[in-house]
Amino acid sequence: MSVLVFVEIDNGSIKKLSQEAITYGAEVARMINATATVLALGAADESALAQAGSFGATKVLHASDPKLTHENSMAYADVLVQAAHQEGSKVIIVAKSGLGDAVAARAAAKLKASVISGITSLPEINGNSFKVTRSIYTGKAFATVDIRSEIKILAIRKNAVEATETGNMATVETFSPALNDANFTAKVTDVEKSNAELSLTEADIIVSGGRGMKGPENWQPLLDLAKALGAATGCSKPVSDLDWRPHHEHIGQTGIKVAPNLYIACGISGAIQHLAGVNGSKCIVVINKDPEAPFFKAADYGIVGDIFEVLPRLTKAIEASK
Amino acid sequence: MKILVCITNVPDTTAKIAFVDSDTKLNKTGIQFIIGPYDDYALARAVELKEQHGGTVTVLNVGEAEGEPQIRKALAIGADDAIRVNAEPTDSYFVAAQIAHIAQQNNYDLILMGRESIDYNSGVVHGLVGEMLGIPSFSPVMKLDIEGTTAKLAREIDGGKEYLEAPLPLVLGCQEPIAEWKIPNMRGIMTARTKPLQVVEPVAVEDLAINERYSQPAPKGQCKMIPVEEVEKLITLLRTEAKVL
Ligand SMILES: Cc1cc2nc3c(=O)[nH]c(=O)nc-3n(C[C@H](O)[C@H](O)[C@H](O)COP(=O)(O)OP(=O)(O)OC[C@H]3O[C@@H](n4cnc5c(N)ncnc54)[C@H](O)[C@@H]3O)c2cc1C
């Protein structure tokens, strides 16, 4: 029996979010005297997959059929269920993301398993009792869930565990599942990918701009700071509504929920709907000219000042200290 | 075209969340309930598609009677009829099974819902329903057009957008900018009163998971203010005190 971890692949390697999922899976495996097996789909580099061992997995099942290279939750769930049967897995782990949730959901329906998304810490396991804590109300509360189904599918939120590297390698085995044509009826006609190297959900640092930036032409100082920090960039809803920034940067209750180590908010007032998307951050810095801006109440560090003065000085200070 | 729109009945985005009965129930006192914001986008697009292509829009809510004002609002926005499955929506699997059961009795071309509910934020119901019905599901969908029996859609992927064509029927989890939220007009509100709202009892589903208790995050400590003359100090603090650089 093994704990099965579904991982997402980007450019042939395991995504950072999925590395945490492997660590989580390995911890759960330790608790139930099992091992952790990783399932990787599509084109991937064997040596990169073996790295799963560094996060605690013993084995990687690699289904390399090129049809699986393109994200497809229907086909992925089908393959995941076949792998779960082969491995006799009762616990399946995915990293919470649009793809992770979709794969988890479809696999759950096939396996009559409960699927719990947004888990924030390791489970409490006592005999047959299996309880997890998950984030609800967009980070405003937590629920402790008693999972009763025999098979359990858990979608793990960023920072639920720290991905620690041991340097071990996992063995990589070829996995050849049956692929069902019914899962490939959709045609991808075009893909637009931003050339940003860092995605918001994976970034450790995010610099985010609000309406206080006054217009798209003023974004350079924010981009400069992000570059100096190796950070991804985000924005508030009005900013993406006004098309100052692309929609996929929109953070908040109705946008992306992020949980970086450091979130720097520039000219964002801190409306409750925005806070709902960032309350998983470890440390929040707020720069706003209005000392009464509600964001300061949710911040760890605050600077009352003009962003256009503060941002270049921060960038300079970082560069000077490198 | 027959469209089913599944809506959640959730606390307003500004609601203060607190619990009662030894942290086993949401304290609903003073909370205003709304149609889930993402579901509201799905509904708006469904009404637009009906205007373009003809057909019907049915609204489905798995929830107790207290959610009926939100169902009436959906009817006022332009849905033709509504179904309420009379049950507390406790678990994604349970809710999905109810939706799938209703869908099996009607041949919907499209089943639309929000990408996630804003109370549990799971984002799994569309996938569950799709699998239970044996049809594809996509989420989060930000653009949707129908040509004949094909859906042309755009969905958000990590750092970008993907354009797809897929044959109907489909289950889609929606988000902005698929449509703009619609506000009911006076005529809509008047006609909504007499539109059919059918209440059905749930099908039995085994309890796969139980919410045992709720808790709230520890309150945030004091924000440390850094005088604007000394902004450079922030970098040192982030390195040595917060240890995030
Ligand atoms: C159902 C619903 C869902 C929503 N979902 C989201 C969501 O997901 N994400 C989201 O962000 N919002 C969301 N909103 C909108 C939210 O309520 C706020 O309107 C929005 O977050 C405000 O954006 P902002 O802070 O950029 O702009 P504003 O509130 O206009 O704030 C601008 C800030 O910039 C400051 N400022 C201006 N100039 C300067 C300067 N030179 N230097 C420093 N500071 C300056 C001002 O003091 C002000 O605090 C939602 C709203 C609703 C109703």
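Residue numbers begin at 1 in each chain, while the letters A, B, ... track the order of the sequences.
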Legend entry - Structural part of A:I116 lying under 4.5 Å from a heavy atom of chain B: side chain
Inset, instruction - Please flag which part of A:K289 lies under 4.5 Å from any non-hydrogen atom of chain B: side chain, backbone, both or neither. - result: neither
Legend entry - Rounded distance (nearest 0.5 Å) linking atom NE2 of B:H126 with atom OG of A:S73: 9.5 Å
Legend entry - Exercise: identify the closest heavy-atom pair between B:C223 and A:F296: CB-O, 3.3 Å
Legend entry - Closest heavy-atom pair and its distance - A:S114, B:L208: CB-CB, 3.6 Å
Inset, instruction - Check whether more than 12 heavy atoms from other residues, nucleotides or ligands sit under 6.0 Å from atom NZ of A:K110, and answer yes or no. - result: yes
Inset, instruction - Give, for atom OG1 of A:T254 and atom CG of B:D40, the distance between the pair rounded to the nearest 0.5 Å. - result: 11.5 Å
Inset, instruction - Using a cut-off of 6.0 Å, state whether more than 12 heavy atoms not belonging to B:Q105 lie near its atom CD. - result: yes
Legend entry - Side-chain touch B:E176/A:H247, heavy atoms, less than 4.5 angstrom: yes
Inset, instruction - For B:E230, look at atom CD and say whether over 12 heavy atoms of other residues, nucleotides or ligands are found less than 6.0 Å away. - result: yes
Inset, instruction - Decide yes or no for B:K243 and A:N261: does some side-chain heavy atom of the first lie under 4.5 Å from some side-chain heavy atom of the second? - result: no
Inset, instruction - Count the heavy atoms of every other residue, nucleotide or ligand shown that sit under 6.0 Å from CD of A:E162, and state whether that count exceeds 12. - result: no
Inset, instruction - Name the region of A:L200, side chain, backbone, both or neither, that has any atom closer than 4.5 Å to a heavy atom of chain B. - result: neither
Inset, instruction - Select one option (side chain, backbone, both, neither) describing which atoms of A:D306 are under 4.5 Å from chain B's heavy atoms. - result: neither
Legend entry - Partner chain A: residue of B:D207, B:V231, B:L170, B:I157 with the largest heavy-atom pair count (under 4.5 Å): B:V231
Inset, instruction - For residues B:I118 and A:T138, report the shortest heavy-atom separation together with the two atoms involved. - result: O-OG1, 3.6 Å
Legend entry - A:A109 to B:M132 - nearest heavy-atom pair and separation: CB-CG, 4.1 Å
Inset, instruction - Please state whether the side chain, the backbone, both or neither of A:E8 comes within less than 4.5 Å of a heavy atom of chain B. - result: neither
Legend entry - Residue part contacting chain A, namely of B:E180, when any heavy atom lies under 4.5 Å: neither
Legend entry - CD1-CG distance between A:I136 and B:D119, expressed to the nearest 0.5 angstrom: 8.0 Å
Inset, instruction - Flag the one option from A:K257, A:K152, A:E249 with the top tally of heavy-atom pairs under 4.5 Å to chain B. - result: A:K257
Legend entry - Top of A:E150, A:H250, A:K297 for chain B proximity - count of heavy-atom pairs under 4.5 angstrom: A:H250
Legend entry - Any side-chain heavy-atom pair of B:D158 and A:L99 under 4.5 Å: no
Inset, instruction - To the nearest 0.5 Å, tell me how far A:K187 NZ sits from B:K152 NZ. - result: 8.5 Å
Legend entry - Interface moiety of A:S135 toward chain B, non-hydrogen atoms closer than 4.5 Å: backbone
Inset, instruction - Specify the closest pair of heavy atoms between A:A317 and B:E232, including all atoms of both residues, with the distance to one decimal. - result: CB-CG, 3.7 Å
Legend entry - B:E206 atom CD, neighbour heavy-atom count above 12 within 6.0 Å: no
Inset, instruction - Among the options A:V145, A:I272, A:T144, pick out the one with the most heavy-atom pairs lying under 4.5 Å from chain B. - result: A:T144
Inset, instruction - Among A:A186, A:A113, A:A108, single out the residue with the greatest number of heavy-atom pairs under 4.5 Å to chain B. - result: A:A186
Inset, instruction - Just give me the residue among A:Q273, A:K282, A:K96, A:K112 that pairs up with chain B most often, heavy atom to heavy atom, under 4.5 Å. - result: A:K112
Inset, instruction - Count the heavy-atom pairs under 4.5 Å between each of B:P11, B:G130, B:P140, B:A151 and chain A, then report the option with the highest count. - result: B:G130
Legend entry - Distance-minimising heavy-atom pair for A:Q253 and B:Y38: O-OH, 2.9 Å
Inset, instruction - To the nearest 0.5 Å, tell me how far B:L234 CG sits from A:I303 CD1. - result: 5.0 Å
Legend entry - Best-contacting candidate, A:A298, A:A232, A:A77, against chain B by heavy atom pairs under 4.5 angstrom: A:A298
Inset, instruction - Please say whether more than 12 non-hydrogen atoms of neighbouring residues, nucleotides or ligands are located less than 6.0 Å from NZ in B:K220. - result: yes
Legend entry - Check ion pair B:K161-A:D190 (N to O, under 4.0 angstrom): no
Inset, instruction - Considering only heavy atoms and a distance below 4.5 Å, find which of B:Y163, B:F19, B:F138 pairs most often with chain A. - result: B:Y163
Inset, instruction - With a 4.5 Å cut-off on heavy-atom pairs, point out which of B:P217, B:G114, B:G134, B:A166 contacts chain A the most. - result: B:P217
Inset, instruction - Let me know if B:E156 has heavy atoms under 4.5 Å from chain A in its side chain, its backbone, both or neither. - result: side chain
Legend entry - Most contacts with chain A, counted as non-hydrogen pairs under 4.5 angstrom, among B:A100, B:G221, B:S122, B:A209: B:S122
Inset, instruction - Start with the C-alpha gap between A:S117 and B:E116, add the side-chain angles, then the distance that decides, and say whether side chain to side chain contact (heavy atoms under 4.5 Å, CB included) holds. - result: CA-CA 11 Å; A:S117 182; B:E116 66 184 44; over 6 Å; no
Inset, instruction - Would you mind checking which part of B:L153 comes under 4.5 Å of any heavy atom in chain A, side chain (CB onward), backbone (N, CA, C, O), both or neither? - result: neither
Legend entry - N/O donor-acceptor pair under 3.5 Å between A:R134 side chain and B:Y120 backbone: yes
Legend entry - Main-chain N/O of B:V228 paired with A:R313 side-chain donor or acceptor, under 3.5 Å: yes
Inset, instruction - Identify which part of B:E165 has an atom lying under 4.5 Å from any heavy atom of chain A, answering side chain, backbone, both or neither. - result: both
Inset, instruction - Below 4.5 Å from any heavy atom of chain B, which atoms of A:V286 appear? Answer side chain, backbone, both or neither. - result: neither
Inset, instruction - State, yes or no, whether a side-chain contact exists between B:M225 and A:P291 at a heavy-atom distance under 4.5 Å. - result: no
Legend entry - From A:I287 atom CD1 to B:I226 atom CD1, the distance as rounded to the nearest 0.5 Å: 9.5 Å
Legend entry - Pairs of heavy atoms under 4.5 Å with chain A: top-ranked of B:S137, B:A242, B:A18: B:S137
